[in-house]
Colleague: 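Quick one: the structure is below, and I'll ask about it shortly.
Below, read A as the first sequence line, B as the second, and so on, with proteins coming before strands; counting in each chain starts at 1. These numbers come from the heavy atoms of this one structure, side chains and all, not from hydrogens, waters or symmetry mates.
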Protein chains: 2
Amino acid sequence: MVRQTKENAEITRQRIIDAARKVFLSRGVSRTSMEQIAAEARVTRGAVYWHFSNKTELFGALREQVILPLIDRMDDSLLIENNDDPIGQIGKFLSATIDALNDSSDTRQTFEIMMVKCEYVDDLSVVLEQTLSNCERITKKIEQLYERAKTKGQLKTIDSPAILSMDTHLFFSGLIHLWVKDLDHKHYRNQAKDLINNHINLRRK
Amino acid sequence: MVRQTKENAEITRQRIIDAARKVFLSRGVSRTSMEQIAAEARVTRGAVYWHFSNKTELFGALREQVILPLIDRMDDSLLIENNDDPIGQIGKFLSATIDALNDSSDTRQTFEIMMVKCEYVDDLSVVLEQTLSNCERITKKIEQLYERAKTKGQLKTIDSPAILSMDTHLFFSGLIHLWVKDLDHKHYRNQAKDLINNHINLRRK
DNA sequence: TTGTTTACATACAAAGTTGTATGTATATTA
DNA sequence: TAATATACATACAACTTTGTATGTAAACAA
């Protein structure tokens, strides 16, 4: 059989993405060849090149499958107009992201690839910029929530919402990094929620 | 001239390391060939292979030149038995690391390579483990400092020193990451000290 | 039912990369 | 001062990887 149904073609495409994720994770993005991905997906390089024009495009598809839903989820949990407890809302947003990592191994693996199995140079450097600008968006939304908390007199500290949101972003960034790298669940994966609560409660009056 | 003096040989070795740092930074570790490094250092691959058996060893030398002094410096600043102000000592340690990044472009570039231009697979995965275990050491020392601060009644919160030190480590880890990636100095590089002070003061009674 | 497009597989050419083997002139040593 | 080890440069063989070009049988459209 040479030509597949549209449905089967889509399945093949997804098999290639899954194979790429697996091989990227074990061998790193740069050291992975299209041949290795094809072999893992039990197709030939012909199939891979038909669906994706090169490795960068394949990496992009792999990433978007995980990142786009996650961004939507983040936006949702940050946009809720829960005027009662803006600080708690920040905490819920952080927890929701950890939940997303806990719930989906694809998400975990993709994060691990993006953080320690990938070099952000040439065509991939734009991916890093996207990630950073997305972080900026989140930081600004968190700043608004801290602003609301301040006007409601819920903050313990006198720090500006800008500084507080940067601090929370630093905490969050560090947490995601350490969480992903904590493969044996010894240090951060099992304490993530406690650490989030601690971080939040330090700011609550 | 074919054979150089010992002194000149050492200069050549350093030139190769410097060249590798430059090329790693612009093209990523995996995509960099020995030939490219040699060209940048204005020697041939023969010289590179004479000084380093392969790219991993070269990367290791490049890393150690920056990391080992930094670890020493960290240990020094954390080991001072300054019983008066353990919390301030933590802050000073964090600031000292930022200073090290500000003071040395080699350090900055090496950090950038290790964080976004490098894939931790195969022989390099041990480097990531070393980094993580070093982080663990630092976290434990910070925990001891928080312990001392607690017994001296200097802490504002009721959180355990263990949680506090993990939180500080998360903050620190996030700060280093964002600092290094903040190439245009727009967000974190110029506010690092403020963020550190804020982090510390949140904990001080 | 026939033509056309699709979804791949196969084949090929070109270039890059690695490690090593060998050459060689000069430091260094004894 | 002769022998040897050093600090490279040059040359070579083997392998990998890439993109594309071509082949092909089946799905789909008309």
Colleague: To the nearest angstrom, how far is B:I16 atom CD1 from D:dC8 atom P?
Modeller: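 The answer, rounded to whole Å, is 7 Å.
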Colleague: Tell me the interatomic distance from A:W50, atom CH2, to C:dC8, atom C1', rounded to whole angstroms.
Modeller: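 The answer, rounded to whole Å, is 8 Å.
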Colleague: Could you give the CG-to-P distance, from A:N8 to D:dA27, as a whole number of Å?
Modeller: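 A:N8 atom CG is separated from D:dA27 atom P by 9 Å.
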Colleague: Looking at every strand, decide which applies to A:S33 at a 4.0 Å heavy-atom threshold: base, sugar-phosphate, or nothing.
Modeller: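 The residue A:S33 makes sugar-phosphate contact but no base contact.
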Colleague: Given C:dC8, is OP1 or OP2 found less than 4.0 Å from the side-chain N or O atoms of A:T12?
Modeller: yes
Colleague: Take B:E7 and A:R45, find for each the nucleotide of DNA chain C with the closest heavy atom, and name the residue whose nucleotide sits nearer the 5' end.
Modeller: A:R45
Colleague: Take the protein atom CE of A:M34 and the nucleotide atom P of D:dT20, then report the distance between them rounded to whole Å.
Modeller: 11 Å
Colleague: Should the pair B:K22-B:E40 be classified as a salt bridge under the 4.0 Å nitrogen-to-oxygen rule?
Modeller: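 So B:K22 pairs with B:E40 through a salt bridge.
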Colleague: Counting only heavy atoms not in A:R27, do more than 12 fall under 6.0 Å of its CZ?
Modeller: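 No, CZ of A:R27 has 12 or fewer neighbouring heavy atoms, counting only those of other groups under 6.0 Å.
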Colleague: For B:K141, is there an ion pair with B:D75 - N to carboxylate O distance below 4.0 angstrom?
Modeller: yes
Colleague: Identify which nucleotide among D:dA7, C:dC8, D:dC8 has an atom closest to any side-chain atom of B:K6, counting heavy atoms from C-beta outward.
Modeller: D:dA7
Colleague: Ion pair present between B:R63 and B:D106, side-chain N to carboxylate O less than 4.0 angstrom?
Modeller: no
Colleague: Salt bridge or not for A:D18 and A:R21, using N-O below 4.0 Å?
Modeller: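 Yes.
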Colleague: What is the separation between atom CZ on B:R31 and atom C1' on D:dT18, rounded to the nearest whole Å?
Modeller: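 Rounding to the nearest Å, CZ of B:R31 and C1' of D:dT18 are 13 Å apart.
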Colleague: Have a look at A:S53 and say if it touches a base, only the backbone sugar-phosphate, or nothing, with a 4.0 Å heavy-atom cut-off.
Modeller: nothing
Colleague: Which one, D:dT18, D:dA9, C:dT28, comes nearest to the side chain of B:V43?
Modeller: D:dA9
Colleague: Could you check which of C:dT18, D:dT18, D:dT17 has an atom nearest any side-chain atom of A:Q36?
Modeller: D:dT17
Colleague: Under 4.0 Å between a side-chain N or O of B:H51 and OP1 or OP2 of D:dA7?
Modeller: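 Indeed not, no polar side-chain atom of B:H51 lies that close.
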Colleague: B:F52 CZ to D:dA7 P: how many Å, rounded?
Modeller: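 For the pair B:F52 CZ and D:dA7 P, the rounded distance is 13 Å.
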Colleague: Of the options D:dC8, C:dT17, C:dA7, whose atoms approach the side-chain atoms of A:Q4 most closely?
Modeller: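 Nearest nucleotide to the side chain: C:dA7.
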Colleague: Whole angstroms only, please: what is the CZ-P distance between B:R15 and D:dA7?
Modeller: 15 Å
Colleague: Take atom CG of A:L58 and atom P of D:dT18, then tell me their distance rounded to the nearest Å.
Modeller: 11 Å
Colleague: Quick one: which of C:dA25, D:dC28, D:dC8 gets closest to the side chain of A:R3?
Modeller: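 Out of C:dA25, D:dC28, D:dC8, the nucleotide with an atom closest to A:R3's side chain is D:dC28.
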